[in-house]
Every structure is written in C-alpha cells, then in structure tokens.
Protein chains: 2
Amino acid sequence: MISFARGAPSLDIIDVDGLKAAADAALTTDPGGALGYGTAVGYVPLRKYLADLHGVPVEQVLVTNGSMQADAFLFDELAKPGQPVIVERPTYDRTLLGLRGRDADVRPVSLDVDGIDTDELAALLEGGLRPTFAHIIPNFQNPAGYTLSLAKRKRLLELAEQYDFTIFEDDPYRLIRFAGEALPSMLELDEGRGRVVFASSFSKTVAPGTRVGYLVGSAALIDKIRVRATNTYISPNMLAQAIVHQFCVSGGMERSIATVNAALAERVGVLCAALEKHIPEAKFTAPEGGYFMWVELPEGVDVAKLLPAAEERGVTFVKGTDFLIEGGQSTLRMAYSGVRVDQIEDGITRLADALKSLQVAAG
Amino acid sequence: MISFARGAPSLDIIDVDGLKAAADAALTTDPGGALGYGTAVGYVPLRKYLADLHGVPVEQVLVTNGSMQADAFLFDELAKPGQPVIVERPTYDRTLLGLRGRDADVRPVSLDVDGIDTDELAALLEGGLRPTFAHIIPNFQNPAGYTLSLAKRKRLLELAEQYDFTIFEDDPYRLIRFAGEALPSMLELDEGRGRVVFASSFSKTVAPGTRVGYLVGSAALIDKIRVRATNTYISPNMLAQAIVHQFCVSGGMERSIATVNAALAERVGVLCAALEKHIPEAKFTAPEGGYFMWVELPEGVDVAKLLPAAEERGVTFVKGTDFLIEGGQSTLRMAYSGVRVDQIEDGITRLADALKSLQVAAG
C-alpha cells in the first residue's frame with residue numbers, strides 16, 4: 001500500500017544517530033533532570049530554550065507530551081459548552097473532535113489559498129457572534145497546505161482586539177518551509193498584548209515518537225494550564241524532553257530541518273508533476289512547506305467511492321470530507337511526508353486508475 | 001534541607017548507565033517504533049511484555065504517560081458527579097484531588113496496619129451505599145506504608161461482587177518489597193472476572209522521569225480508555241517506552257529492583273532506629289517495602305506548627321492532614337526514598353529538636 005494518508009515523516013528523514021547521541025548526552029550531562037519527576041512546566045532547560053527561541057520570559061512557556069496534549073489542556077481551559085469557537089473550513093479532524101467533544105459551538109469559516117476568509121469572519125462578528133477563540137493553523141495548514149498571508153495575520157489580530165477573542169495559533173509546521181519566505185507569527189505580531197496563544201511541536205522537526213509539544217501564551221493562562229498539567233500527570237516526559245533539548249543545543253535541529261525540507265520539496269515536485277500527467281483534471285496549489293496538499297477533483301467525483309477503489313489498487317489518502325462538517329465530496333488530502341520519492345508516480349497512476357474505474361462504473 | 005517529604009528516589013539508586021545502554025539499544029533495534037507516532041495503547045512490545053508479566057491478553061493492557069495519567073483517564077471514565085467512591089483514610093493526596101475535581105462523592109474508610117477496614121466498608125454497603133469503585137493502594141500504601149492482608153484482599157473482592165462495584169487496585173510499589181512475603185494482587189485473585197482494574201508504573205522500579213505507567217483491566221474498559229487516550233494525545237511517549245522496554249528485556253529491571261530494595265531496607269532500618277532513639281514517643285510500623293512510613297506523634301502535637309519549626313531547622317516532611325479530609329493533626333508521612341543513609345539520623349535529631357521547641361512554647 002502506498003500511503004498518502006498519514007501525516008507522519010518516513011524514517012529515512014529522521015536523524016536516528018543524532019538522537020542516539022542526544023540520549024547519551026542527556027543522561028551524561030543531566031541524569032537527575034532527565035530521570036527525576038520534574039515539574040509540570042516541562043524540562044527546565046528545554047523550556048528556557050523555547051522561551052529564548054520565541055523571545056518571551058520562561059513564565060510564558062509550558063512543554064507538554066506532544067502538542068495534541070497542549071491543545072487538550074487549552075480546550076479544557078477555554079472551550080465551554082455552547083460557546084462559539086471559530087475554526088477554518090476545512091480543518092484538522094482532531095481539532096473538530098476535541099471541540100465537539102467539549103460541546104463547543106463550532107463555527108467554520110472558509111479557508112482560501114491565503115488563509116481564513118477574514119471578510120467572512122468580520123461579517124459574522126459584525127452580526128453579533130462573540131467567539132471565545134479562533135483556532136488557526138497559519139502555515140501549511142492541515143489538511144489544505146495553505147498559508148495565512150501577512151495581511152490576514154494582521155487583520156485577524158485587529159478583529160481579535162476589536163471583538164475580544166483569543167487567537168489559538170496552532171503552528172506545528174512553521175519550520176518545515178521549503179519554498180517562499182517565512183512570515184512572522186501572530187504571536188510575534190501581537191507584541192505581548194496577550195491576544196495569542198501559540199502551540200508547536202518537535203514531531204515534524206525531530207520525530208513524532210518524542211511526543212514533545214509546547215504552548216506559549218500569557219503568563220496567567222500558562223499558569224492555569226500548569227495547574228491542569230500537574231493534576232493530570234505531575235510532569236510531562238522528562239527523559240524525552242532532555243533528549244530533544246540535547247538534540248537542539250547540539251545543532252541537530254538545524255541539520256534535521258534541512259534534511260526534512262530538502263526531502264519534502266523533492267516529493268512535492270514529483271507529486272505535482274505526477275498529478276499533472278496522470279490526473280490533469282485535478283486542481284491544487286503546490287505547498288511551500290508542511291506535509292499536505294489539498295486536491296480538488298471534478299464535481300461529481302465522490303471520494304467516499306474513490307477511497308475503496310484506490311485501496312483496492314494499493315494506494316490510500318484521506319477523504320476531504322473528514323476535515324469538514326459538511327461538503328468536500330470531491331476533495332482529498334494528499335500527505336507526502338510518509339512516501340518515498342520512487343513510490344509517488346506509481347501511487348498517482350493507481351489513483352488515476354481508481355478514478356477511471358468510477359467513471360466507467362457511472363458511464 | 002534534609003527532605004522526608006518527596007516520594008521520589010535519590011539519583012544514586014537509579015541505573016543511569018543501564019538506561020543509556022537501553023536508549024542506544026531501543027534506537028538501534030527499533031528506530032521506527034521508538035520515533036514514530038505509535039498508537040494510544042502504548043509501545044507495542046512493552047504492552048506485550050506487561051501482558052505477559054500479568055498473564056493477560058494484550059487487549060487488557062494500555063501503557064500511559066505515568067500512572068497518574070492512567071488514573072486521570074480512569075477517573076474520567078468512572079467517576080461521576082455526586083456518585084460515591086470509596087477511598088482509604090488516609091490516602092494519596094492527588095487521588096483525593098482528582099476525585100474531588102470530578103465532583104465525586106468521596107467516602108473515606110479507615111485504614112489499619114493490614115489495610116482498609118473491610119468491616120467498616122461492609123457496614124456502609126449494608127447501609128445502602130452503592131459506590132462506583134473503591135480506590136485501594138494494596139502494597140506499602142501512600143502515605144501510610146501499610147499493606148493489605150490476603151484475607152482483606154479476598155473480602156474486598158467478595159464485597160465488590162456482592163455490591164457490584166469496581167476495585168481500582170493502584171499498585172506502584174508492588175515490586176519495591178524488601179521484607180516479608182509478596183501477596184497476590186486482587187487482579188490475580190479476581191481470575192478474569194473483570195472486577196478489578198489495576199494500575200502500576202515504572203517510576204519506582206526504573207525512574208520517574210521516564211513517565212511510564214500502565215493499566216490492566218477488562219478489554220471493554222481498556223478500549224474505552226484507548227479512545228480517550230487517542231483523543232487526548234494520539235499516543236503516549238514512544239521513545240521513553242521503547243527505552244523502558246529495552247531496559248526490562250535486558251535484565252535491567254531485576255538489577256534495578258535489587259539495588260532499590262537494598263537501599264530502602266537500609267534506610268528504613270536507620271530511620272526506625274533514629275526515631276526510637278530521638279523521638280521515643282513516636283508510634284509507627286516499620287514498612288516491608290515502598291517509600292513511606294506513617295508516624296503518629298502524641299495527641300496535642302500539631303503538625304501544622306511542627307512543619308515550619310522543622311523547616312527552620314533544615315528538615316521537612318509532609319503533614320498527615322494533607323492525606324485526610326479531616327483529622328490527623330498529630331501525624332506525618334516520612335518518605336525515606338530520597339534521603340541518603342548518612343542524612344537520616346541528623347534529620348531525625350532536627351525533627352526532635354523542632355518537637356521540643358513546640359513543647360517549650362506550649363509549656
């Protein structure tokens with residue numbers, strides 16, 4: 001099975017030897033820190049590293065067991081039953097699940113190639129909607145692969161200020177940029193006004209199995225989440241965080257990001273060429289980073305039928321409908337993070353074949 | 001400060017070199033498993049190891065980020081607002097916090113040297129109380145250090161069967177036995193009837209910073225918790241779990257347990273002797289394992305006053321009142337897991353001095 005489904009890196013772009021060296025270094029230089037209980041804010045040297053990376057005091061940082069756990073704490077803190085929350089349409093399926101599980105009033109706003117439709121959002125706000133927060137994946141969005149423009153980042157901050165809501169900037173793909181220019185985060189643009197809570201992770205830059213994520217927010221919010229974290233698990237994984245810290249300070253991060261970005265750039269190039277050749281009717285925008293590309297097939301193609309036909313032929317993807325509350329019947333999310341370059345054209349040929357089989361069946 | 005407060009091992013009884021070797025082995029033999037996302041049930045080979053250890057199918061095991069996280073999932077699943085839950089009196093302070101945070105109707109039942117007072121519990125049940133579950137720390141209880149007798153283990157199972165409640169057997173200290181004979185767990189005695197859900201951890205046998213805990217329960221309950229775990233963090237820490245697994249299968253566990261138990265036995269001996277010599281009025285039962293000893297001082301001693309007087313003299317402990325909803329004003333929990341042998345008598349001398357200062361002040 002050739003998988004365009006899972007948003008996970010293939011093992012060949014993970015620096016296993018660098019992590020071995022980091023594990024040894026962590027247990028040599030700070031065995032007490034790596035192996036003791038620690039505290040709910042995370043491994044202290046890693047917290048400091050992240051505070052410096054984002055130019056904030058350490059009190060504004062909390063390191064968690066992956067950024068999903070950070071999301072869960074944040075949702076527990078901010079999402080209340082019946083209260084409106086803005087999400088992008090489409091958005092990450094687990095975000096939808098987490099918000100609906102807390103009975104939030106989930107309000108999807110259209111996503112364009114340059115990010116969430118801020119005019120549509122402004123109209124909702126003018127119409128009286130008062131969301132608690134807006135969940136935004138600013139770079140190489142999951143599932144769409146789109147990136148929020150600078151103008152829209154600024155507009156979102158203005159709206160958040162005017163209508164008094166928080167922006168949850170969920171940014172795991174920030175450093176996985178292989179084309180174009182990096183944009184400032186909304187956390188930076190906010191300049192400490194406390195409108196933004198930012199989450200990221202080392203899953204894409206180091207390895208998912210380390211399960212290290214983090215939050216940056218106002219000191220007051222971070223302290224509330226520290227209490228939740230203490231009561232949930234005393235402390236996150238000190239051993240894994242100490243290893244990630246050693247990996248970072250030894251220069252492993254820069255090397256790893258260079259490896260990952262070079263590999264993903266090549267895969268995107270091959271994927272786009274294969275789609276143009278074998279499924280010329282497919283519409284897509286080549287991403288400048290991240291793991292995912294959104295593909296629209298002609299109206300009338302039903303991805304619920306396409307997926308089993310594709311899997312019969314040994315290729316898989318995620319249906320666009322999984323990322324939407326409604327609609328998207330002809331869309332799919334293609335992840336290129338987990339496939340080898342030499343599998344891509346073969347995978348797309350199989351997908352084209354599956355697509356033809358539906359047309360034959362319908363015709 | 002000499003600390004009898006924290007229930008954590010001193011670094012000298014952690015096998016740092018063994019963990020370095022385990023990290024290297026984990027990243028050499030299974031880099032994909034250690035560094036990939038994995039699944040919510042935990043690192044598959046460790047899950048299998050634990051299933052074999054407990055003689056159950058793998059479907060009955062779920063590995064978590066520390067056993068506190070296992071408790072949290074279980075409480076989310078089983079503790080309902082207003083519904084009665086049995087706890088031991090005294091019990092672990094975080095258990096009380098977790099249950100009260102979920103608005104459970106917490107019903108403490110007296111704890112004797114041989115465990116929870118099953119007659120008192122039976123009377124409550126006969127009186128109509130219908131608890132959802134009973135939280136029991138069977139071995140070397142935190143904070144008391146007491147162990148549940150075999151007769152009471154059997155009686156608890158009978159009561160659970162008769163009155164249809166679950167026993168939550170919270171057993172992190174099971175393998176930390178340095179005197180006396182090991183008793184069968186209630187999980188074993190239940191023989192697969194599904195009355196017991198069992199939790200344990202590697203914090204005391206390997207190191208707390210690995211944050212690896214686990215649950216064993218009915219396949220149906222474990223599957224419900226698997227869904228909660230997926231929605232909370234996708235998967236627990238694969239890297240740390242792969243390291244712990246290698247540590248276990250390479251024989252590190254047996255060596256580590258032998259080291260820990262020898263050190264704790266020596267510390268308990270020195271602690272009891274120092275108390276008999278310097279505070280002869282103190283009452284206690286020397287534990288046969290675990291980290292903690294419960295000490296009763298003469299009625300009239302107020303530990304809320306003793307603690308600051310002790311800390312002024314460079315020694316600390318946890319007040320017994322922290323583990324009780326009411327009462328325990330003259331009791332304290334002495335942890336001997338984190339002190340060096342050569343600190344113990346000095347610490348007890350300081351504590352005796354603090355005690356005298358209160359008597360002088362009162363007299």
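Here the structure is a predicted model, which means the values were calculated and not measured.
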Would you check, one step at a time, whether the test side-chain contact (heavy atoms from CB on, under 4.5 Å) holds for A/L35 with B/L19? CA-CA 10 Å; A/L35 298 172; B/L19 284 163; 3.7 Å; yes

Looking only at B/S235, B/A70, B/G98, most heavy-atom pairs under 4.5 Å shared with chain A are made by B/S235

Heavy-atom distance under 4.5 Å to chain A: side chain of B/A23, backbone, both or neither? side chain

Please rank A/A34, A/P31, A/A72 by heavy-atom pairs under 4.5 Å with chain B and give me the top one. A/P31

Does NZ belonging to A/K80 count more than 12 external heavy atoms closer than 6.0 Å? yes

At a heavy-atom separation under 4.5 Å, does A/T28 approach chain B through its side chain, its backbone, both, or neither? both

Give the minimum heavy-atom separation between A/G7 and B/Y37, together with the two atoms involved. O-CE1, 3.5 Å

Is there a side-chain contact between B/T230 and A/R94 (heavy atoms, below 4.5 Å)? yes

Under 4.5 Å from a heavy atom of chain A, the part of B/A207 involved: both

Identify which of B/M68, B/R6, B/Q241 forms the greatest number of heavy-atom pairs closer than 4.5 Å to chain A. B/M68

Is any side-chain heavy atom of A/Q69 less than 4.5 Å from a side-chain heavy atom of B/I234? no

Highest number of heavy-atom pairs under 4.5 Å with chain B: which of A/I14, A/N231, A/V206, A/T232? A/T232

Taking the side chain as every heavy atom from C-beta outward, state whether A/N65 and B/P236 have any pair of such atoms under 4.5 Å apart. no

Among B/G36, B/S67, B/G66, B/A8, who wins on heavy-atom pairs under 4.5 Å with chain A? B/G36

Select all residues of residues 209-216 of chain A having any heavy atom within less than 4.5 Å of some heavy atom of chain B, and report them by number, or 'none'. A/G209, A/T210, A/R211

